[in-house]
Amino acid sequence: MPESAPRRPLLPLIGQVGGGRSRATCRFRCGDACFHDAPNTSGNAYFGDIFTAALSRRNALRAGAVGAGVSALGLGGLGPAYADPKRGRGTRNPRLRFKSVAPNTDDKVTVPHGYDHNVVARWGDPVLPDAPEFDFENQSAAAQEKQFGYNCDYVGFRQLDADRGLLWVNHEYTNETLMFAGYTDGNDADPEQILISMAAHGGSIVEIERITGTGAWRLATGERRFNRRITAKTRMELTGPAAGAELLRTEGDPTGTEVFGMLNNCSGGMTPWGTILTCEENFNQYFVGGEDAPAEAKPALKRYGIKVEGDTRDGNRRFDRAEERFDLSRHPNEANRFGYVVEIDPTDPASTPRKRTMLGRVKHEGANPRLTRDGRVAVYMGDDERFDYMYKFVSDKKYRSGSRRHNGTLLDSGTLYVAKLTGDSPAEEIDGSGTLPSDGEFDGSGQWIPLCNATESFVEGFTVAEVLVHTRLAADAAGATKMDRPEDFEPNPVTGKVYCALTNNTSREPGQADEPNPRGPNKFGHVLEITEQGNDAGAEKFAWSVPLVCGDPDDESTYFAGFDKSKVAPISAPDNLTFDDQGNLWIATDGQGSKLGINDGLHAVPMEGRFRGELKTFATVPVGAECCGPFVTEDNLTVFLAPQHPGEDGTVESPQSTWPDRQGFPRPSVISIWHTRGKKVGR
Ligand code: FEO
Ligand code: CA
Ligand code: CA
């Protein structure tokens, strides 16, 4: 058995429904998205369509043009080591040396030999100084507003000094059947339960401190002046070109600039100027009354997965019972005020969170910045839906180190782009099975299509405000490439290459497979690598490849950048991404349970040098949990992880997980992982 890979047979599939998610996640997180048709009914080509439907001569010409396009990208600017993935990067060896954690279905966190972990913060922990202690049996909205929220997703961290830092955590959504005994749905919920759920959404900023002599962190004691809770009721501003637009005005806010709360914040990012970007994802599920919304509003509502037919209250959390604004029959524009990237200053608890309309309105997964060669800021963003798109924003103005006021304006003007990808292999070689084409790689060229800037729309029939509020519709019209659920999208700080996790798409049929989405159905997901022209985040052209085609490595459809598959670990549903200081890619998963019958986890893989593709499992999370976070601290001594929705299919009466406290119910939490002898993580 190879040293690095536990190769025992994978476990039988458990609890799989719909597109492969567990029942509770489908209901509470995505509003049963997989049970409905994908909302993208645009005629935009699956790349394969172009080839199979069109004339072969024209295709040959097109393929030739693509080849020329790739060579014209100026990749020489990257330097030979970056341009050739087979070559090592000088004397640096990015190899990760830990031994993989074996696949398992345990109700616990497992880390490699030599590492340890602890719980940093758990649902209900006091955040504000006057917060009461958590009392599961007697929870109240007033308490929850001051306590750590539910299901933790994105984790950001900013070190204040050697042993103290600020932790930002997204509270994506609530799983009421695990929070309240006897819960059925929002129609029957006690009004106080609805208010508790609203208070458990949003995010938390907590000061944390390192436990002396270890890599472990815990909630700070003493003065905690930065601690803050953001909920579904927190006052926020809409900023940027669409702020004030008719589409954003409501009875409660005739100015179209003030909104309360953020919903379903999934992943995020941190800016060079120290703010948090936290991203609203499946906001569609919080609205009812779509069946009685104005007819002219329905196509756009539907494109975002908002129900406009049937009983829209069935199975809903019914936030409209607490606040009427969630009823689209009365307030049809309220849904237009969710689905944004929200910027928050974690160092100013009195600051107003800002929904940045310039970055578009989609089911945002994350938003991760990189500076362009001339010092402006580019932000990469995925829209997590089957057959939806990848986006990039590039600011007009340059980042100014130390100028907080100036940098606070950067995300309000710039250009919003959507990605179009073209393969370089003949379409008939992409058959949906995952078999590599004859040139040995799923790869090609791409273009960032501009949708609008702050003053001008580039999409016929759309104003700037319409592009930014109905971004999916504008991108349909622009001819973007339909991807397999683009999740986290993250630049490698060492090489500048950019990576996007395409988590899966079981609705892609074999005939819809294309080179950037080479499997149909795509059950296990893949990872896309983008090299911007001239390695400049401001470029409008790029080269791309698919270095990781995920799954059980014994499955012939998988690919690990050409690395020996007998030496890699299984991975499914790549979701959140991060990097360490050597540019190794860390991949957290969301769906290994339903796809491979094993718990989700955190994997790490070198993306340069001769160990490119040697994927190992660094941690696994408790049964039923999705692996979120992850965040590697700047000193590389700690990884923060957020095991989200442990035991997600259980109920209070019949829990499937009791992690971490074994008190009869699970508590979604954030953990830290460190090497017991103080080594950098992974090495
Ligand atoms: Fe909330 Fe796309 O994961
Ligand atoms: Ca190819
Ligand atoms: Ca995610």
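Side-chain atoms are counted along with the backbone in the values below, which use heavy atoms only and exclude waters and symmetry mates. In this chain, residues are counted from 1 in sequence order.
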Which of Tyr173, Phe260, Phe326, Phe338 passes ring-ring contact (aromatic ring centres under 6.0 Å, His included) with Phe319? Answer is Phe326
Could you tell me if Thr250 and Asn333 have a donor-acceptor pair between their side chains, going purely by distance under 3.5 Å? no
Run the side chain to side chain contact (heavy atoms under 4.5 Å, CB included) test on Glu172 and Gln644 for me, step by step, so that the C-alpha distance in whole Å, both residues' side-chain angles and the decisive distance to 0.1 Å come before the verdict. CA-CA 9 Å; Glu172 185 177 10; Gln644 185 175 178; 3.3 Å; yes
Side chains of Glu490 and Asn368: any donor to acceptor distance under 3.5 Å? yes
Go through the steps to decide whether Thr177 and Asn175 satisfy the test side-chain hydrogen bond (donor to acceptor under 3.5 Å, both in side chains), and finish with yes or no. CA-CA 6 Å; Thr177 57; Asn175 185 329; 2.8 Å; yes
State whether the side chain of Asn40 and the backbone N or O of Asp388 hold a donor-acceptor pair below 3.5 Å, judged by distance alone. no
Test side chain to side chain contact (heavy atoms under 4.5 Å, CB included) on Phe387 and Asn517; report intermediate values, then the result. CA-CA 10 Å; Phe387 302 115; Asn517 301 280; over 6 Å; no
Is the side chain of Glu280 donor-acceptor paired with the backbone N or O of Gly339 at a distance under 3.5 Å, no angle test? yes
Is a salt bridge present between Arg229 and Glu145, judged by a nitrogen-to-oxygen distance below 4.0 Å? no
Parallel, tilted or perpendicular for Phe283 and Phe287, by the 30°/60° rule? perpendicular
What I'd like to find out is whether the side chain of Gln144 reaches to under 4.5 Å of the side chain of Gln139, using heavy atoms alone. yes
Should Pro39 and Glu385 count as side-chain neighbours, where that means a heavy-atom distance under 4.5 Å? yes
Closest non-hydrogen atoms of Asp590 and Asp600, given as atom of the first, atom of the second and distance, are N-OD1, 3.4 Å
Rounded distance (nearest 0.5 Å) linking atom CG of Leu178 with atom NE2 of His645: 11.0 Å
So, Asp327 side chain and Asp320 main chain: donor-acceptor pair closer than 3.5 Å or not? no
Hey, are Asp348 and Arg228 close enough for a salt bridge, meaning a charged N less than 4.0 Å from a carboxylate O? no
How far apart are the closest heavy atoms of Cys152 and Ala642, and which atoms are they? O-CB, 3.5 Å
Asn505 (side chain) donor-acceptor with Asn522 (main chain) under 3.5 angstrom: no
Would a 4.5 Å heavy-atom cut-off, applied to side chains only, mark Glu291 and Glu309 as touching? no
When you measure from the side chain of Arg508 to the backbone of Gly520, do you find a donor-acceptor pair of N or O atoms at a distance under 3.5 Å? no
Greater than 12 external heavy atoms within 6.0 Å of Arg330's CZ: no
In terms of heavy-atom contacts, Ser140 and Ile196 come closest through C-CG1, 3.6 Å
Drop me the distance from Thr271's OG1 to Ile344's CD1, to the nearest 0.5 angstrom. 11.5 Å
Any non-hydrogen side-chain atom of Lys523 less than 4.5 Å from a side-chain atom of Pro521? no
Counting only heavy atoms not in Glu460, do more than 12 sit closer than 6.0 Å to its CD atom? no
Please report the C-alpha distance between Ser507 and Arg386 in whole Å, then the side-chain angles of each, then the deciding distance to 0.1 Å, and finally whether the side-chain hydrogen bond (donor to acceptor under 3.5 Å, both in side chains) criterion is met. CA-CA 7 Å; Ser507 298; Arg386 292 165 291 161; 2.8 Å; yes
What distance separates Glu237 CD from Lys355 NZ, expressed to the nearest 0.5 Å? 12.0 Å
What one should report as the nearest heavy-atom pair of Arg361 and Thr471 is N-OG1, 2.9 Å
Side-chain contact, heavy-atom cut-off 4.5 Å: Pro349 with Ile205? no
Compare every heavy atom of Tyr391 with every heavy atom of Trp448, then report the nearest pair and how far apart it is. CZ3-C, 3.7 Å
According to salt bridge (Lys or Arg N to Asp or Glu O under 4.0 Å), does anything in residues 332-346 pair up with another residue at least two apart or in another chain? List the pairs. Asp253-Arg337, Arg325-Glu334, Glu334-Arg337, Glu343-Arg356, Asp345-Arg404
Is the side chain of Glu456 donor-acceptor paired with the backbone N or O of Asn453 at a distance under 3.5 Å, no angle test? no
4.5 Å side-chain heavy-atom contact, Val341 and Met358: no
About how many Å separate CG of Asn282 and CG of Asn265, when rounded to the nearest 0.5 Å? 11.0 Å
Carefully, step by step, assess Val469 and Tyr340 under the rule side chain to side chain contact (heavy atoms under 4.5 Å, CB included). CA-CA 9 Å; Val469 176; Tyr340 294 99; 3.8 Å; yes
Find the distance between CG (Leu277) and CG (Leu411) and round it off to the nearest 0.5 Å. 6.0 Å
Using the six-membered ring wherever Trp is involved, compare the ring planes of Phe489 and Tyr380 and label them parallel, tilted or perpendicular (cut-offs 30° and 60°). tilted
Do Arg472's NZ or CZ and the ring of Tyr304 fall within the cation-pi criteria of under 6.0 Å and 45°? yes
Lys307 with Asp314: basic N within carboxylate O range, under 4.0 Å: no
Side-chain heavy atoms of Tyr154 within contact of Cys279, under 4.5 Å: no
Go through the steps for Asp383 and Met390 under the test side chain to side chain contact (heavy atoms under 4.5 Å, CB included), then give the verdict. CA-CA 6 Å; Asp383 180 2; Met390 304 188 301; over 6 Å; no
Does the Lys482 side chain pair with the main chain of Ser42, one donor and one acceptor, at a distance under 3.5 Å? yes
Check Leu195 against Ala322 and note the closest heavy-atom contact, atom names and distance. CD2-CB, 3.9 Å
Side-chain contact, heavy-atom cut-off 4.5 Å: Phe28 with Glu176? yes
Can you list the steps and then say if Arg303 with Asp476 is a salt bridge (Lys or Arg N to Asp or Glu O under 4.0 Å)? CA-CA 10 Å; Arg303 182 65 182 85; Asp476 291 343; 2.8 Å; yes
Between Asp484 (side chain only) and His526 (backbone N and O only), is there a donor and an acceptor less than 3.5 Å apart? no
Pair Asp575, Thr503 - check side-chain hydrogen bond (donor to acceptor under 3.5 Å, both in side chains), show working. CA-CA 6 Å; Asp575 186 341; Thr503 201; 5.2 Å; no
Once salt bridge (Lys or Arg N to Asp or Glu O under 4.0 Å) is applied, what residue pairs with a partner in residues 178-202 remain, sequence neighbours excluded? none
Looking at CG of Leu421 and OH of Tyr389, how far apart are the two atoms once the value is rounded to the nearest 0.5 Å? 12.5 Å
Mark yes or no for whether Thr234, through its side chain, and Thr231, through its backbone, hold a donor-acceptor pair below 3.5 Å. yes
With no hydrogens and no angle check, is any side-chain donor or acceptor of Asn316 less than 3.5 Å from a backbone partner on Gln285? yes
